[in-house]
Amino acid sequence: MKKRTVVLMYPPVGSVWHLPMGIALLTAVLQEQGHFVTQRYGHILGVEDILRCYDRAGLEAVLATIRSSEVSIIERYSARMWLEEASAQTETHGDTFRVERNNVVYVSEGLRTSHDDIQAALTAIENRRKHLFYPYFQAELLLLDSLQPDMYGISVDTERNVIPALILAAMVKEAQPKTLVVLGGNFWPRVLDETTAQQFTPLFQWVDAIVYAEGFQPLAELADSLDAKTVSGTAWNDRGVVRLNPRTSSPTHFHSLPVPVFDTSVRQWSPEMVPPVFTSAACPSACGFCAISAASDSFLGKARMMPPSTVADQMLELHQRHGVTRFDVVDETFTVGQQLALGRELVKRGFSATWQCYLTITNQLLDKEKCAQLYAAGCRAVQLGLESLSSETLDRENKRWNTPENYAQILRNLREAGIQTHVFLIVGIPGEPIQWAAQWPEFLREHGRNILTIKAGRYRLTRRSPEEMYGTHHALIEPLPDAGRVLHLNRDFQYRDEGSGRSIRKDVEAARDLVEQACREHWAYEVTSTLPWWITRGDYTWEQLEEQSVILRTTGVKTPKVSHIADARRRLSRV
Ligand code: SF4
């Protein structure tokens with residue numbers, strides 16, 4: 001096997017607070033085979049580049065504040081406001097770009113307004129010199145002059161980095177025609193299949209392969225052969241026809257994955273390094289609305305898991321390499337059993353680690369002792385999908401382990417154990433009477449003390465979710481024709497409300513406004529916007545966060561109300 005020079009890029013825009021899991025793992029896989037791999041964290045470098053052009057000294061001061069553990073919450077708030085103002089001043093030529101609260105927002109104007117996404121991408125590539133990240137990408141090309149890579153891989157996971165990724169791919173191909181340009185990441189399995197493949201043909205003038213499956217095997221095979229023709233899980237251009245090679249029939253074992261390799265020359269926006277850890281492929285559940293694990297080679301099948309002993313070994317190895325003790329477990333769900341087993345393995349190694357993770361809200365969390373055991377194992381924060389207050393809705397979404405009557409007690413147990421809680425809520429699930437969603441504000445007021453952060457979103461018909469694939473809600477919603485929107489992860493749809501005399505869509509929008517207003521009134525809204533993600537606030541206790549929240553509020557920090565909130569209240573009062 002030839003030793004190759006490979007660059008793996010996670011392009012803007014992504015979360016500057018997080019290190020990329022995918023390319024760190026792929027780097028380890030390729031390095032194990034003897035390849036020379038350089039990672040580029042464009043989601044951090046690119047955003048910093050833009051803000052540095054705006055005000056170099058200002059950005060350096062803000063980054064110093066963000067990365068210090070010694071500064072006050074007021075100083076952090078000033079840094080946050082600087083970022084919001086600086087990003088708002090950036091010339092975007094019609095695109096949307098903002099660094100706000102816990103998010104870096106980027107929306108390509110072409111993807112927002114066009115009904116032909118590939119044409120929008122081609123236009124963006126053609127007009128690249130005007131693009132927000134063009135100067136940063138030019139700087140990236142300079143690096144290629146010295147590296148002369150055999151393969152350049154670009155990871156795409158959402159709509160917010162697909163257009164920048166395509167522009168970069170074109171620039172790399174034009175600058176280095178001999179380099180194999182490969183796109184991968186969780187985005188492609190959700191948009192690229194036999195029904196859409198030919199629409200992607202024009203992109204193959206710059207792209208040699210798109211990996212639409214788990215990247216472990218395809219990337220290794222591509223590095224070896226530099227030819228996509230026989231590589232599993234890969235789309236390639238066969239003289240104007242896009243061919244999709246099937247995924248591997250023997251998915252990669254998770255216990256054989258190497259320890260991820262991180263590029264420590266780029267720092268995430270936090271006082272300390274908190275690496276992500278990925279221990280299982282695919283969630284074994286199949287909630288109707290969810291396509292999170294569609295990229296997995298065992299999607300809607302059996303989960304493949306790393307044994308707890310291996311997870312503990314990997315954490316210890318990362319500690320020895322980087323001195324880290326906190327980990328961001330990015331598995332779709334990290335069960336109570338897995339966590340307790342991990343805690344026991346860590347004890348055996350004499351290593352004390354803490355983590356945050358996604359967890360299903362099962363009734364075993366009604367047991368206070370179980371929550372205390374989770375904390376003792378090392379769990380410090382959980383992200384829970386509450387989704388709905390209606391058992392009937394949860395039943396229809398194939399999420400029967402959620403018991404809404406127990407949410408309050410479980411949240412209380414977790415807080416008493418010292419575990420931070422993030423909750424996901426969905427407004428507008430098909431078939432759910434709007435009164436259920438309208439109850440969330442009251443729930444949040446009553447039980448918000450035991451909730452740290454809230455993500456409330458409207459229902460989306462997500463491509464490759466069971467509902468989208470099997471049309472299980474078609475009696476309740478109608479998917480709209482969107483043949484050209486192949487770079488969108490969600491499908492357009494309308495509620496079937498004929499004859500009801502009310503617009504369900506408008507009711508959903510009103511309920512969403514009410515829930516958003518309740519989020520803004522929540523005690524931790526400002527403090528968690530100023531200390532975004534567990535990465536930056538994981539060392540604080542609930543009580544310390546409450547104190548910081550009071551400091552911010554008494555200093556006059558106020559969140560504006562949702563516009564038209566009175567209209568929303570009026571509308572739902574008539575339901
Ligand atoms: S919502 Fe959560 S539990 Fe349900 S399928 Fe998705 S990841 Fe799994």
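Only heavy atoms go into these numbers, but all of them, side chains included; no hydrogens, no water, no symmetry mates. As the structure lists them, so they are numbered: ligands from 1, and atoms in each ligand from 1.
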- Task: With heavy atoms under 4.0 Å as the rule, classify the contact between Phe424 and ligand 1 as side chain, backbone, both or neither.
- Result: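 Looking at Phe424 and ligand 1, no heavy atom falls under 4.0 Å.
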
- Any idea how many protein N, O or S atoms are nearer than 2.8 Å to atom 8 (Fe) of ligand 1? 1

- Assess the pair Phe187 and Tyr212: is the distance between their ring centroids shorter than 6.0 Å? no

- Pair Tyr459 and Tyr495, ring centroids less than 6.0 Å apart: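 Aromatic pair excluded; centres sit 6.0 Å or further apart.
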
- Message: Within ligand 1, which atoms have a heavy atom of Lys399 less than 4.0 Å away?
- Response: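 Heavy-atom distances to Lys399 below 4.0 Å select 1 (S), 4 (Fe).
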
- Considering only heavy atoms of Trp401, which atoms of ligand 1 have at least one such atom less than 4.0 Å away?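 Those qualifying, in numeric order: 3 (S).
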
- Message: Is there a salt bridge (charged side-chain N to carboxylate O under 4.0 Å, His left out) between Glu159 and Arg463? Walk through the geometry before answering.
- Response: CA-CA 13 Å; Glu159 285 113 330; Arg463 285 186 205 281; over 6 Å; no

- Sequence neighbours excluded, which residues qualify as ring pair (Phe, Tyr, Trp, His ring centres under 6.0 Å) partners of Tyr10?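 Here the qualifying residues are His43.
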
- Message: Could you work out, with ring pair (Phe, Tyr, Trp, His ring centres under 6.0 Å) as the rule, every residue matching Tyr106, not counting sequence neighbours?
- Response: His131

- Are Asp497 and Arg505 close enough, and set up right, to give a salt bridge (charged side-chain N to carboxylate O under 4.0 Å, His left out), and what steps lead you there? CA-CA 9 Å; Asp497 47 18; Arg505 182 180 59 80; over 6 Å; no

- For Asp297, enumerate each residue passing the salt bridge (charged side-chain N to carboxylate O under 4.0 Å, His left out) test, keeping only those at least two apart in sequence or located in another chain.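 Arg247.
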
